[in-house]
Each structure stands twice: as C-alpha cells, then as structure tokens.
Amino acid sequence: MLRIPDRFYWVLPLGAWTLLILLSLGLTLQQSQNAAFATARQQGRDIFHMIEAMRLWNSRAGGVFVRQSESTPPNKYLELPERDPVTTSGIHLTTVNPAYMTRQMAGVIESESGIRIHITSLRPINPGNVADPWEAQALLAFEKAGEKERSEILHAGTEPLIRYMAPLFVRKECLDCHQQQHYKIGDVRGGISVSIPAADFVTRVDASRRQLVITHVGVWALVALMLLIYLRQYRLQWNNLKNLTATLEDRVRERTARLEEESAAHRASEQAAREHHQRFLDLVNTTDGIVWEADARTFVFSFVSRKAESLLGYPVEDWQTPGFWVAHLHPEDREWAPQYCASCTGRLEPHRFEYRFVARDGRVVWLEDIVTVVAEDGEPRLLRGLMVDITARREAELEVRHLTQRLTLATRAAHIGIWEYEPHSGKVVWDSTMHELFGLSPDEFSGRFEDVLTLVLPEDVPHLTKLVDEALRTGGDFVTTFRILRHGTEIRHLDAQAVLVPGNGHQPVRMIGVNRDVTERKRNEQELLRLATTDVLTGCYNRGYLQRMLELEIERARRHGDVLSLLMYDLDHFKTINDTWGHGVGDAVLAQGAAVVRETIRRTDTLARWGGEEFMVLCPRTSASEAKVLGERVQQALREHPTPPAGVVTASIGVVTLRPEDDADTLLKRADDLMYCAKEAGRDRVCCDTDPA
C-alpha cells in the first residue's frame with residue numbers, strides 16, 4: 001500500500017480540496033454559460049413573437065393600405081387585383097402585406113437599434129429574402145427535423161451576434177399571397193431571423209466568468225490556508241497523543257492499586273442509580289402518554305406507566321398478561337396491527353403507526369404508537385414505546401373529510417369549478433367540476449397554465465393574462481368573465497373569481513379561484529338587449545335606439561367634418577289597408593316593407609320604425625344627393641314587392657341633410673315636414689331639403 005512520508009501529510013487533503021474547487025468552478029462556469037445562452041435566446045424569441053403578432057394582425061386584416069412614397073413603393077412581388085388603389089382625393093395608396101410590412105419594420109428597427117430582422121424562405125418570391133447559409137440550415141431543420149426554433153451566439157466578423165430564428169407556418173390567411181407556391185396550411189413557409197449585436201452581452205458574460213474564477217481562487221486559497229493550519233495542529237496533537245499513551249500505560253498500573261478504593265465508590269453509585277431510576281418512574285408516570293416496554297418476541301409487557309389506567313381504564317397488572325394488547329385491539333385492526341409491528345421488529349426498524357384500542361368502559365380510543373427496537377447480537381430483544389391519544393385529532397380529520405365532501409357536492413350542484421394556480425411553477429389543479437366545464441377528462445388536461453390559455457378564445461387571452469399578472473403584482477383579488485372553446489366548437493362564457501394566498505415575505509405562493517358557466521345568463525342578457533332595441537313586428541331598430549344613434553352620429557359628423565343625412569318615410573294609404581283587409585294584413589305590409597327596405601339600403605345605414613307606418617333611415621357619411629338617390633331606390637323596391645292581398649304599397653319620403661345649426665330635434669322636424677310635403681304633392685315621391693322651392 002502507498003505510504004506518504006509524515007512531512008507530506010498535507011498532500012492528500014489539499015489535493016482533494018483543489019479537485020473539489022476545480023469541479024465547482026467547471027460546473028458554475030457551465031451553468032453561467034447556459035444561463036447566458038438562454039437569455040440571448042429569449043431576446044431573439046421576444047422580438048420574433050412581436051413581429052409574428054403584427055404579421056398575423058396584417059394577414060387577418062387582408063393587408064393594409066399606406067400612402068406610396070420613396071420608402072414605400074408598390075410591392076412588385078405582390079400580385080393582387082386591387083393592390084394600388086387611389087383615394088377619392090387622389091392619394092395613391094399601395095397594399096402592404098405581412099412580408100412587405102416585415103421588411104419595412106426591419107429597416108426601421110435596424111437603423112434605430114442595430115438589430116437586423118430578416119424574413120426568408122427556401123423558396124422566396126422576393127430575391128431579397130434569400131436565406132444566408134445559417135438561415136438555410138435552420139430552415140432545413142424546421143422542415144425536415146421539425147425543430148421549433150434555433151439560436152446561437154456567433155463570433156464571426158468584427159463583433160459577436162446573437163442569432164435567433166423560428167419558422168413561419170402557413171395559415172389560411174397566407175394562401176392569398178402564396179397560392180402559386182402550392183403551400184398547404186401547416187407547412188413551413190419560411191422563417192424570421194433576428195440578429196442582435198452582442199458585444200456588450202459577451203463582455204458582460206466574460207466579466208462574469210472572470211469574477212467566478214477570481215472568487216473560486218480566493219475561496220480555494222482561504223480554505224487551503226485554514227486546512228494547512230488545521231493539519232499542522234492535528235499533527236502536533238497526534239505526536240502529543242503518542243506521548244500521552246505511554247504516560248497512560250504507567251498510570252494504569254497505578255490505578256490498579258486503587259481498585260479497592262473505587263469499589264466502595266461503585267456501591268455508592270449503585271444507590272444513586274436506584275434513586276435516579278425512581279425519579280425516572282415518577283417522570284414517566286406523569287407524562288401525557290403511555291410509556292411501555294415489552295418482550296420483542298412475545299409482546300408481553302414488562303413495564304407500563306400509570307397513564308394507562310387513567311387513559312384506558314385497565315390496571316397496570318392486566319397489561320402484563322400474555323395476549324392482552326392484541327385482545328383489546330379494535331376488531332378491524334386486530335389482524336394488521338400486530339403483523340405490521342412484528343414485520344418492523346424483525347427488520348430492527350423503529351416505527352410508528354396508528355390503531356384503535358377498546359377501553360375498559362367500551363370507548364374506542366385512537367392511539368399513535370411510537371416504537372423503538374432494542375437489539376442484542378443482531379436479534380430483537382426489547383420493544384420500547386410511547387402510546388399517545390390522538391382520538392381528538394382523528395375526529396377532526398374525519399370532520400374535515402365530511403366538510404370537503406359536502407363542499408364538493410355543493411359546488412357540483414351549483415356547477416362551480418374550483419382551481420388552484422402556482423405562479424412560480426405554472427401548475428394548475430382542477431376539481432372534477434372544472435373538467436366538466438372545460439369538457440376535458442383528467443387524462444386530457446396536463447395541469448399547466450399555458451395549456452389552459454389554449455382553451456380560451458384568442459381575443460380574450462390578453463385581457464385574462466393581464467388581470468392575472470395585475471393580481472399577482474398588486475396582491476388583490478380579480479373578477480372577470482371570459483370565453484372558452486369547449487369540444488373545439490362550442491363557445492361557453494365563464495365567470496372567474498380568485499384570491500391570492502400569500503407565502504413568506506407576502507409573496508403569493510398560489511391563487512385559488514372558482515369558475516361558473518354563465519353562458520345561459522349571457523344569452524338572456526343579449527336577448528334582453530335585442531328586445532330593448534328592436535321593434536318586435538318588423539325586426540327593425542325601435543325609436544329609442546334610433547334616437548340614441550342619431551345623437552351619436554351628429555356628434556361624430558361634427559367632430560370629423562362628415563356629412564349626415566336622414567330619410568323619413570310613411571307608407572301611403574296605410575289606414576285604408578287596415579280598414580279594408582284588417583290589421584293582420586296591415587302587419588304583414590309593415591313587416592314585408594321593412595324587409596324590402598333593409599335589403600335595399602347599405603350596411604352602414606340604420607333602419608328603424610319611428611311609429612305606426614313611419615320609418616327612419618339614418619345614413620352616415622351621405623350627401624343630400626346620395627340620400628335622395630337612396631330614397632328613390634327605396635321607392636322602386638317597394639313598388640316591385642307587393643304584399644298580397646293589399647298589392648303594391650308606396651311610400652312618401654322626406655330627405656334632410658345635417659346643417660350647422662341643426663340638433664336631433666330640428667333635423668327630425670325638418671324630415672317630418674318634408675315627408676308631409678311629399679304626401680301633399682301626391683304621395684309616392686321623394687322631397688329633399690336641397691330641392692328648389
């Protein structure tokens with residue numbers, strides 16, 4: 001065996017310490033490198049998601065129109081029938097699709113921050129979107145290997161770069177511009193790469209690594225110095241111990257001569273031990289629990305404290321009877337409890353278990369037994385333990401279970417789901433009602449917050465996440481309503497209420513909340529709103545709704561300098577129809593006439609029943625001449641759609657346009673006057689406030 005000279009006693013400890021500090025330094029540097037790379041990757045990922053969100057908005061809007069300029073010329077690679085429209089005032093516009101918008105934004109971002117954003121593809125329409133070698137390799141990985149993203153810190157060139165790239169998948173909105181490339185929904189159309197200057201980032205990482213090395217060297221030197229000092233002292237003590245051993249051998253001989261004197265002292269100590277034993281018994285008998293000792297093979301008790309008599313009612317002497325403990329166990333525990341205790345005893349394992357014991361007066365007492373095994377020559381010899389009455393605790397636990405069951409039944413009956421959310425881990429726990437509300441089985445739900453958000457309608461996700469973040473930041477409760485997509489097709493409305501449970505330092509450790517399905521309530525509210533704003537007979541808006549809309553449109557027209565027109569028409573000879581054919585036919589004439597006019601006017605116009613056979617058409621951004629043409633179209637449509645048996649029903653129409661001095665009342669008064677002028681002029685005609693007097 002290798003032996004090291006005494007003067008090199010420090011080699012092994014110091015070598016072990018050096019190896020340990022080198023291992024710590026290596027692991028710390030590796031973790032620092034991984035953390036730095038994760039930070040770099042997250043920077044690129046955040047910029048990519050921002051660009052992707054704006055592209056999705058653009059594609060869903062079908063592209064946006066912007067004024068043509070030197071910096072924004074028409075996109076020659078975009079082939080659309082109405083790519084470059086001209087406004088009525090002669091301004092030339094051009095369509096900016098998602099790819100063009102990305103290139104425009106990339107130029108601004110690069111000039112402002114030095115960050116380079118490049119949209120690219122293996123099959124680009126625009127030659128300027130050709131992938132560089134690094135991007136081409138990433139695109140191949142996206143298409144062939146199914147990678148979700150790629151990031152790297154490159155040191156090529158004059159300065160290091162953080163490069164990040166993620167794929168762009170083909171959506172339904174993308175096919176309008178990419179039909180010629182025969183893409184299918186879900187294909188990898190290309191990607192967006194982000195190149196961030198990383199000189200400062202790499203400098204900070206290098207500085208951090210240097211600091212780690214300096215710190216480890218300092219710790220190594222300090223501990224090495226202390227270790228050398230300790231080893232030197234230990235060597236000195238070892239030499240002293242060898243000298244002391246020789247001295248002790250001499251003293252042993254001297255001690256042998258004094259054994260007789262010590263025998264007398266030993267007898268005195270035995271008396272003191274008996275006194276200590278008595279004090280121990282007094283202490284055990286006053287303990288709030290049964291202290292006991294038994295034979296490990298027979299379970300016959302050799303000692304039981306007096307607490308057994310007051311707690312269970314049996315005299316201490318009865319416990320020393322063979323089989324006493326097993327005989328008084330509760331019938332349901334009589335088989336497993338002795339077997340469990342014997343199994344642990346055979347393995348020399350200390351154990352604790354809970355069981356029921358029948359007291360002398362017939363009471364069932366729950367006991368927690370804490371047992372220690374005393375071994376001799378590797379075999380169990382004695383058992384020593386403490387029995388504690390836990391009846392009150394078990395009854396409390398049973399009551400809690402009953403309360404939990406009642407709460408579960410109550411929430412199920414009310415269709416209220418209960419959930420918990422741990423912000424630090426993202427874990428979400430649902431009860432059974434929550435699974436029913438969302439239409440998922442426990443196996444289909446992974447228990448992650450981000451998976452819950454995938455079930456929420458996309459337009460409600462920002463509002464919901466903002467409320468959750470605000471509640472976590474302020475520590476307040478939150479109440480909201482959001483929509484989910486149940487079974488992939490069914491939209492349901494859910495109420496949500498939640499409170500925060502604070503942890504150490506008042507930081508929230510979890511959020512507890514309830515969800516309730518309020519879809520039927522929402523439908524009822526929408527129906528009430530429809531009934532409050534709609535004329536039941538004709539399906540048009542009612543007078544109150546038009547009055548509110550008219551005031552809003554007048555305010556908007558004056559704020560933006562727009563024109564606003566109003567048509568008021570009355571069905572001619574309607575009283576004669578009621579008198580001749582009855583009110584049933586009159587109602588049919590009103591309903592069909594409203595349906596005809598609704599199909600004739602524009603989507604931006606508002607049709608409302610003003611009262612009886614009088615109707616209004618509110619026409620925003622409509623001049624007097626345009627409104628008069630619309631009135632004539634309404635007249636023509638009514639003539640072409642007779643209502644049996646009443647036949648053709650005509651209308652007298654008054655057309656007015658908003659003047660600077662007008663308010664809602666004066667505008668309505670002028671429309672009413674012009675409508676009666678049309679009737680006095682022979683009916684079935686249009687009178688406009690711009691007509692010559």
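For the numbers below, each heavy atom of this structure counts, side chains included, while hydrogens, waters and symmetry mates do not. Quick caveat: nothing in here was measured; it's all calculated off a predicted structure.
Using a 3.5 Å distance cut-off with no hydrogens or angles, the side chains of Thr480 and His463 do pair a donor with an acceptor. Using modelled atom types, one finds a donor on one side chain and an acceptor on the other under 3.5 Å when comparing Glu422 with Ser425.
Looking only at side-chain heavy atoms (C-beta outward), Cys341 and Phe353 come within less than 4.5 Å of each other. In this structure, Ile196 and Ile47 have side chains that are in contact, with non-hydrogen atoms separated by less than 4.5 Å. Side chains of Tyr164 and Arg41 form a contact here, defined as non-hydrogen atoms less than 4.5 Å apart. Within the 4.5 Å cutoff, the side chain of Ile290 has heavy atoms near those of the Leu312 side chain. Residues Arg163 and Ser151 fail the side-chain proximity criterion, which asks for heavy atoms closer than 4.5 Å. The shortest side-chain heavy-atom distance between Ser24 and His216 falls under the 4.5 Å cut-off.
Between the side chain of Arg360 and the main chain of Gly313, a donor-acceptor pair closer than 3.5 Å is present. Remark: the backbone N or O of Val291 is not paired with any side-chain donor or acceptor of Arg384 at under 3.5 angstrom. Remark: the backbone N or O of Tyr230 is not paired with any side-chain donor or acceptor of Gln233 at under 3.5 angstrom. Under the 3.5 Å distance criterion, the side-chain polar atoms of Asp460 are left unmatched by any main-chain donor or acceptor of Val456. A donor-acceptor contact shorter than 3.5 Å links the side chain of Ser302 to the backbone of Glu293. For His487 (side chain) and Thr489 (main-chain N/O), no donor-acceptor pair under 3.5 Å exists by modelled atom type. Asp377 contributes no side-chain N or O that, together with a main-chain N or O of Glu379, makes up a donor-acceptor pair within less than 3.5 Å.
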Can Trp220 and Thr18 be said to form a side chain to side chain donor-acceptor pair (under 3.5 Å), step by step?
CA-CA 7 Å; Trp220 175 87; Thr18 302; 2.8 Å; yes
Working for side chain to side chain contact (heavy atoms under 4.5 Å, CB included), residues Val373 and Leu382
CA-CA 6 Å; Val373 181; Leu382 293 175; over 6 Å; no
Go through it in stages, so that I can follow the logic: the residues are Arg347 and Ser343, the test is side chain to side chain donor-acceptor pair (under 3.5 Å), and I'd like the CA-CA distance, side-chain angles, deciding distance and then a yes or no.
CA-CA 7 Å; Arg347 296 191 299 269; Ser343 174; 2.6 Å; yes
Dump the intermediate steps for salt bridge (Lys or Arg N to Asp or Glu O under 4.0 Å) on Lys307 and Glu309, then the final yes or no.
CA-CA 5 Å; Lys307 183 67 176 179; Glu309 294 185 1; over 6 Å; no
Test side chain to side chain donor-acceptor pair (under 3.5 Å) on Thr391 and Asp389; report intermediate values, then the result.
CA-CA 6 Å; Thr391 304; Asp389 182 4; 2.7 Å; yes
Let's go through Ser441 and His435 carefully: what are the C-alpha distance in whole Å and the side-chain angles of both, what is the deciding distance for side chain to side chain donor-acceptor pair (under 3.5 Å) to 0.1 Å, and is it a yes or a no?
CA-CA 6 Å; Ser441 67; His435 288 96; over 6 Å; no
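A salt bridge links Glu459 to Arg483: one of the charged nitrogens lies within less than 4.0 Å of a carboxylate oxygen. Checked for salt-bridge contact, Asp295 and Arg381 miss the test: no charged N lies under 4.0 Å from a carboxylate O.
A parallel orientation is assigned to the rings of Phe445 and Trp430, their planes being inclined by less than 30° (bins at 30° and 60°). The aromatic rings of His328 and Tyr314 sit perpendicular to each other, their planes meeting at more than 60°, with 30° as the lower class boundary.
How far CD of Glu354 is from CD1 of Ile370: 10.0 Å, rounded to the nearest 0.5 Å. Atom-to-atom distance recorded for Phe357:CZ and Met387:CE is 6.5 Å, nearest 0.5 angstrom. A distance of 9.0 Å separates CZ in Phe48 from CD in Glu149, rounded to the nearest 0.5 Å. Expressed to the nearest 0.5 Å, how far OG1 of Thr433 lies from CD1 of Ile418 amounts to 7.5 Å. Atom-to-atom distance recorded for Leu383:CG and Arg297:CZ is 10.0 Å, nearest 0.5 angstrom. In this structure, CZ in Arg356 is found 11.5 Å from CG in Leu367, a value given to the nearest 0.5 Å.
Checked against a 6.0 Å centroid threshold, the rings of Phe301 and Phe303 do not count as neighbours. For Tyr421 and Phe449, the gap between ring centers is short of 6.0 Å. Under the 6.0 Å cut-off for aromatic ring centres, Trp419 and Phe438 do not qualify, their centroids lying 6.0 Å or more apart.
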